[in-house]
Amino acid sequence: MFAGTQTGGTPLLDESFFARDVVAVARELVGATLLVGGIGGVIVETEAYDQEDPASHSFSGPTRRNAAMFGPPGRAYVYRSYGIHWCLNFVCRESGRGSAVLVRALEPTDGLEAMRARRGLDDPRALCAGPGRLTQALGITMAHDGARLDTPPFRILPHSGPAPALVEGPRIGISKAMDLPWRFGLAGSRYLSRPFPRA
DNA sequence: GGTATGATTGACT
DNA sequence: GTCAATCATACCA
């Protein structure tokens with residue numbers, strides 16, 4: 001499908017996967033595997049941010065911070081949150097709009113010991129359950145802003161098999177466009193940053 | 001120039 | 001449940 005790049009026989013998600021509607025990409029990323037330098041796990045929670053969405057950093061047009069959102073799709077957009085944490089996004093593009101998927105939580109599968117060392121704790125359920133936590137566990141910083149996602153240290157492997165069951169709900173921590181159900185999670189996952197409101 | 005605000009987390013009552 | 005940490009960006013003068 002979107003197996004554009006072959007690395008050791010492993011199909012990686014590349015620019016063609018991300019050059020589509022950001023909500024569709026956010027849904028399809030749940031179940032994919034994100035590795036940075038071989039360390040990471042299965043994406044279990046994402047959020048979509050579109051340029052026509054008042055909650056998006058791209059809403060008011062390009063700035064120094066959000067420049068990556070207006071560059072090519074399939075790149076990382078990394079920003080500082082609350083002056084303390086980093087947040088990792090995947091840049092998407094459809095009809096020239098700046099948009100991105102925020103990666104909110106992983107189920108750790110690879111490099112558990114490295115993640116434990118970086119996070120300073122053992123519980124796998126707390127290693128990557130939150131946007132600031134997973135960037136710390138994976139060693140993501142501003143240095144990765146604008147980096148290609150189909151090139152080392154990044155590797156993103158698509159979900160294989162039937163599409164996993166998703167849950168959806170309002171996005172976390174925003175004060176605008178709170179009605180949009182653009183947060184997506186892997187149904188039944190115990191690695192979410194927060195529970196989804198019951199339907 | 002100054003000031004308010006977060007796409008968060010961890011500690012604490 | 002409440003609250004502080006900490007700083008780049010956004011917005012106003």
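- A salt bridge does not link A/Arg93 to A/Asp21: none of the charged nitrogens lies less than 4.0 Å from a carboxylate oxygen.
- Ring centers of A/His57 and A/Tyr49: at least 6.0 Å apart, outside the cut-off.
- Applying the side-chain contact (heavy atoms from CB on, under 4.5 Å) test between A/Glu47 and each of A/Ile172, A/Val23, A/Asn89, A/Val101 identifies A/Ile172 as the sole match.
- No cation-pi contact links A/Arg75 to A/Phe18, judged by a cut-off of 6.0 Å to the six-membered ring centre and 45° from its axis.
- Expressed to the nearest 0.5 Å, how far CG of A/Leu149 lies from OH of A/Tyr77 amounts to 14.5 Å.
- Checked for salt-bridge contact, A/Arg27 and A/Glu168 meet the test: a charged N lies under 4.0 Å from a carboxylate O.
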Give the B/S/- string for nucleotides 6-13 of chain B, one per nucleotide from 5' to 3', where a protein heavy atom under 4.0 Å of the base yields B, of only the sugar-phosphate yields S, and otherwise -. BBBSS---
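- Counting only Watson-Crick or G-U wobble pairs whose defining distances are both under 3.5 Å, the stems of 3 or more consecutive pairs in DNA chain C are B:1-6 with C:7-12, B:8-12 with C:1-5.
- Note that A/Arg148 lies outside the cation-pi zone of A/Phe154, set by a 6.0 Å cut-off to the ring centre and a 45° limit from the axis.
- Across the P atoms, B/dA4 and C/dA4 are found 15 Å apart, a figure rounded to whole Å.
- With respect to A/Arg20 and A/Glu28, a salt bridge is recorded, a charged nitrogen being found less than 4.0 Å from a carboxylate O.
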